[in-house]
Amino acid sequence: MNAIRSFASTVTALLLLAFSSPLHAQEGRHDAMMRAITGNAPPPAGETVNYFPDDPATAGYLALPDGEGPFPAVLLIHEWNGLVDRVRQTADAFADQGYIALAADLYSGRTGSDREENMELVREVRAAEATMVANLDAAVDWIEANTPATGRVATIGWCFGGGMALSYALGGDEHEGTAIFYGSLIDDPEQMKHIGHEVYGTFAANDRGIPVDEVDAFVDALREAGIDSDVHIYDEVRHGFWLHVDRDPETNREPAEHAWERLKDYLGRVL
């Protein structure tokens with residue numbers, strides 16, 4: 001049985017929830033998102049877009065909902081290996097939910113194939129944070145200029161991308177939401193004062209790179225800065241559990257479904 005550790009911005013105690021059956025089982029098990037994050041989605045159906053004029057090699061991925069719109073938008077930020085099909089399929093699933101989904105490319109069209117290559121790409125981006133912010137600002141501008149958008153956008157990132165989503169919330173153009181999946185964190189409330197929206201976070205209790213006490217400190221800093229949050233730590237799972245449910249379906253599926261329901265609710269609130 002999986003347990004959920006939950007933080008709410010209006011309470012100071014840690015809330016532990018346990019559940020024995022999936023939430024919204026029929027809806028959660030069969031929608032496009034669950035197919036994407038369990039490795040059962042069809043090939044990507046969107047298009048490549050060159051949204052960053054400062055770097056023509058940047059190749060993002062756009063998925064659009066059916067209909068005329070206008071639609072709210074999500075800006076997706078990839079893991080440490082770059083923009084790969086799992087992220088593209090996830091973008092398609094967000095479009096299926098009625099969101100314009102642009103998967104950003106922070107690696108100028110490159111992807112890594114092993115830990116060494118991935119870390120080299122990560123170090124390159126972290127050493128030029130202003131370029132990363134400019135890249136994501138350009139993505140937001142491109143969405144507004146080229147799609148039937150409402151003008152409201154939230155960033156969503158995983159692992160390396162989760163940390164970049166937080167960095168963008170601290171230094172990028174104004175946007176309406178930030179969703180962090182097991183990304184690197186900060187614990188300084190002064191740095192967070194630039195954030196003008198509720199923050200979503202999903203973390204794993206067995207994540208060796210982002211221990212529970214770092215998440216606790218992050219939530220405390222958000223609270224001290226007066227920022228609403230929906231942050232949960234899921235017991236029994238490891239880093240990467242949400243975007244890669246198929247690595248351990250028996251353990252990962254139930255908390256992944258719950259995190260997806262929370263994310264849908266969160267996007268409904270902020271967008």
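One-based numbering along the sequence shown. Worth saying up front: this structure is predicted, and the values here are computed from it rather than measured.
- You'll find the side chain of R269 stays beyond 4.5 Å of the side chain of D228, heavy atoms only.
- Legend: residues meeting side-chain hydrogen bond (donor to acceptor under 3.5 Å, both in side chains) with D246, ordered by chain and number and at least two apart, are R86.
- Scored by the salt bridge (charged side-chain N to carboxylate O under 4.0 Å, His left out) test, R152 finds no partners at all (sequence neighbours excluded).
- Judged by distance alone, the side chain of R262 and the main-chain N or O of G201 form a donor-acceptor pair under 3.5 Å.
- Applying the ring-ring contact (aromatic ring centres under 6.0 Å, His included) criterion to Y266, with sequence neighbours excluded, gives Y200.
- The list of side chain to side chain donor-acceptor pair (under 3.5 Å) pairs with a residue in residues 169-184, not counting sequence neighbours, reads T178-H197.
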Under 3.5 Å, side-chain donor or acceptor atoms of residues 60-71 against the rest of the protein: list the pairs with distances, not counting sequence neighbours.
residue	atom	partner	partner atom	Å
Y61	OH	A45	N	3.0
Y61	OH	G46	N	2.5
Y61	OH	D92	OD1	2.7
Y61	OH	D92	OD2	3.2

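- Looking at residues two or more places apart in sequence or on another chain, you find no salt bridge (charged side-chain N to carboxylate O under 4.0 Å, His left out) involving D248.
- Here R247 pairs with nothing under the salt bridge (charged side-chain N to carboxylate O under 4.0 Å, His left out) rule; sequence neighbours left out.
- In this view, E117 and S113 satisfy the side-chain hydrogen bond (donor to acceptor under 3.5 Å, both in side chains) rule, not counting sequence neighbours.
- For R110, the side-chain hydrogen bond (donor to acceptor under 3.5 Å, both in side chains) test picks out E124, with sequence neighbours left out.
- Checked against salt bridge (charged side-chain N to carboxylate O under 4.0 Å, His left out), R123 has the following partners two or more places apart in sequence or in another chain: E120.
- Screening residues 153-172 for side chain to side chain donor-acceptor pair (under 3.5 Å) gives D137-Y168 as the qualifying pairs, with residues at least two apart or on separate chains.
- The list of side chain to side chain donor-acceptor pair (under 3.5 Å) pairs with a residue in residues 42-56, not counting sequence neighbours, reads Y51-N135, D55-T58, D55-S108.
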